[in-house]
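Notes to accompany the following structure.
Letters A, B, ... mirror the listed sequences (proteins, then strands); counts begin at 1.
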Protein chains: 2
Amino acid sequence: MATRADVAKLAEVSASTVSYALNGKRSIKAETRERVLDAVEKLNYSPHIAAGVLAGGKPKSVALIFPSYGGNFSSLHLDYVQGVIDGAKSRNYHVIVWPQEEVSTQEIVQFKKSGLIAGVILMEIMENDKRVKAFAKEKIPFVMIGRTNSSKTLKYVDRDFEKVAEIAAEHLVSLGHKKIAVLTQKRMVESTVISVDERFTQAVKKYTEKFGLAADFLVGDNSIASGGSFFVELFKRPKKVSAVIGLTDLATLGFVNAARAAGISIPSEISVLGLNTQLGQIDLISPALTSVYVPAKEMGNSAVNILIDELNEESVHITQQLLAGHLVVAKSTGQAPK
Amino acid sequence: MATRADVAKLAEVSASTVSYALNGKRSIKAETRERVLDAVEKLNYSPHIAAGVLAGGKPKSVALIFPSYGGNFSSLHLDYVQGVIDGAKSRNYHVIVWPQEEVSTQEIVQFKKSGLIAGVILMEIMENDKRVKAFAKEKIPFVMIGRTNSSKTLKYVDRDFEKVAEIAAEHLVSLGHKKIAVLTQKRMVESTVISVDERFTQAVKKYTEKFGLAADFLVGDNSIASGGSFFVELFKRPKKVSAVIGLTDLATLGFVNAARAAGISIPSEISVLGLNTQLGQIDLISPALTSVYVPAKEMGNSAVNILIDELNEESVHITQQLLAGHLVVAKSTGQAPK
DNA sequence: CGTAATCGTCGACACGTGTCGACAACATAC
DNA sequence: GTATGTTGTCGACACGTGTCGACGATTACG
């Protein structure tokens, strides 16, 4: 395999000149650089990464804690990871993944000391996350996908719950809806889901009020069965609603299925709008669900970019970012019945 | 950060003794090793990986081509990846992921030359896969998850289609079924799905015959709608079947939903058995689907173990492995109606 | 007791790169 | 003309580890 010395010899320059020609840290005559690049091409040279790291070069790798699979059928995590990988690649970084285990944190700290890792991307953030504390203590740069209430000073990418709620409320209002129901999930202990759900619920509360929508919040869990119960509960009430916002995938799906089974037409009798969902991406629900999608890939991409910006600390950068995602209007929402 | 020299000084031995005490490549007096290990502990020393690689040590990392997300809702890929990561970790290897792009292959070749990668895990194998050719040409060790018809001499982990078919056929026969239908997918061009589906179809053909099951093969695609069509087609026929094997997730789901909507009871009127599915893992289908699950994590785990075995080439090892996965009996299959 | 083999340890070197200081050539300013 | 940068290049060294050859100490064996 070709080394810097080989390139230097072929280009008839010194070894250090080759380095500078390649990394641009000192000025090199254009003609010389040409010669070097030609030689690089001819020898198919690429710098030995380990040697570079050892010699004090900054590592070009980022660690990613790979989520433990939670058991729902969401492709969310896959998209996060893909966003991170693509983002890293576009900036010439590599991604090293770790399983999400207790020991991993300690190992990453060591790996960082080894010089192979520049920073870390975390997902599935929990309240009082031990990893967060460990990385902060060791001063290892990290960015979170998601956040907790105590994340004020940390770097993260998260959903813009308020914006999503606003988009949703606005959409329904624009269709003439006045009374709606919101299908929420009951608080789950020690999970990232807690805050996500609470935040969404609060945001929806805020924006439905703001837009003058009467919203009824139903609490269940994220399952098909729960979706069916929502439907039953809703239609035995006297004062009916004309639209429903579902905050969880399975419950929303269950609701739609129950409605169809009961002969209730969507959207002519009731509109259904999904938030925080991946459902629309697949042909799983009928009619196709109008939703505000989770911009998962973008979030992953953004996270890794924030991290790399920090590493290069070229200037002051964004350290916290909220992404809403777009409303995709499909077949499940329509004009409110008169 | 502590280096080997620091450890050596504290343990009052030479630097090389520290190395040998840690890697066991030369015999060291037990008492000396103790001293070294104590010093390592005290200084929280861990070897600088990049330096090790540079000095000729074998890299302890494996590359994984991260699948491009195909758009179905399967968590299959997530499980593969998790299996690979866990397996690698249990053998003290790290996993570096690449997006599945044309350029990645070339980059991995370079990375390998850089000495940071020992081998590669491939998934989503296609016929005439360029990556396979490239790695074979460059003599980079790799293991595939999945295979093609021309994989005879390559290393891979794949599903044991025959065994799965046998399990399925046996289960239905044991419940007294005589006539069944099989829901298959039409050939898709240039995708890993081709061979998987063909292999399953052939295997099912073989074992239904072997067990004396009359099987009717219906061809559609993997969608809810297609599942509905299957149902319609099946029930307008004169000679009815008592059980159905679904080879794809969405079609199977569509079939079950259509049956329920039509008031056909599962399993008392018709049994449904899913192969090659992740469906049962989630509360998405009702009644719960009896299935032979894809042992995706095990496959990932196995693949990385085959790779690492090869790298260590301690002896002759398994180079090809077929995994069936277990039959999980749920609520969707029962005795054939008389 | 003498010789050979083995054990345990040490010192030295190579691996390939990043980067600092030095220095010649050249441009700029007065 | 001299004094003062600026540009372009080179040589040298450090980074931390794996491992080879050497060598004294110990053991085995006749």
Less than 6.0 Å separating the ring centroids of B/F66 and B/H77?
no
Find the distance A/Y20:OH to C/dA22:P and express it as a whole number of Å.
14 Å
Between the side chains of B/S16 and B/S19, does any donor sit under 3.5 Å from an acceptor?
no
With no hydrogens and no angle check, is any side-chain donor or acceptor of A/D86 less than 3.5 Å from a backbone partner on A/G83?
no
Any heavy-atom pair between the side chains of B/V95 and B/I121 that's under 4.5 Å?
no
Touch check for A/T3, heavy atoms < 4.0 angstrom, all strands: base, sugar-phosphate only, or nothing?
sugar-phosphate
Separation between CG of B/N312 and NZ of B/K58, rounded to the nearest 0.5 Å
7.0 Å
Roughly how far, to the nearest 0.5 Å, is CD of B/Q320 from OH of B/Y156?
4.0 Å
If you take any heavy atom closer than 4.0 Å to DNA chain C, which residues from residues 7-17 of chain B end up in contact?
B/V13, B/S14, B/S16, B/T17
B/N305 versus B/D309, side-chain donor and acceptor atoms under 3.5 Å:
no
CD1 of A/I306 to CD of A/Q321: how many Å apart, nearest 0.5 Å?
5.0 Å
Bend across the helix from C/dC1-D/dG30 to C/dC30-D/dG1, to 10°, with axes taken over 5 pairs at each end?
30°
Test your reading of the model: is there a side-chain donor-acceptor pair from A/E298 to the backbone of A/L323, 3.5 Å cut-off?
no
Between atom OG of A/S90 and atom CD1 of A/I308, what is the distance when rounded to the nearest 0.5 Å?
7.0 Å
Contacted region of DNA chain D by chain A, from 5' end to 3' end of the hits, cut-off under 4.0 Å to heavy atoms, spans D/dT7 to D/dG16
Please list, in numerical order, the residues of residues 27-35 of chain A that have a heavy atom closer than 4.0 Å to any atom of DNA chain D.
A/S27, A/I28, A/K29, A/T32
Kindly indicate, with the supporting measurements, whether the criterion salt bridge (Lys or Arg N to Asp or Glu O under 4.0 Å) is fulfilled by B/E34 and B/K29.
CA-CA 9 Å; B/E34 276 310 309; B/K29 214 199 296 179; over 6 Å; no
Does any residue of residues 41-60 of chain B have a heavy atom under 4.0 Å from DNA chain C, and if so, which ones, in number order?
B/L54, B/A55
Spell out, as yes or no, whether a donor-acceptor pair under 3.5 Å connects the side chain of A/R35 to the backbone of A/A11.
yes
Using 30° and 60° as the class boundaries, would you call the ring planes of A/H94 and B/W98 parallel, tilted or perpendicular?
tilted
side-chain contact (heavy atoms from CB on, under 4.5 Å) involving A/E12 - partner list, sequence neighbours excluded:
none
Any non-hydrogen side-chain atom of A/M299 less than 4.5 Å from a side-chain atom of A/R159?
yes
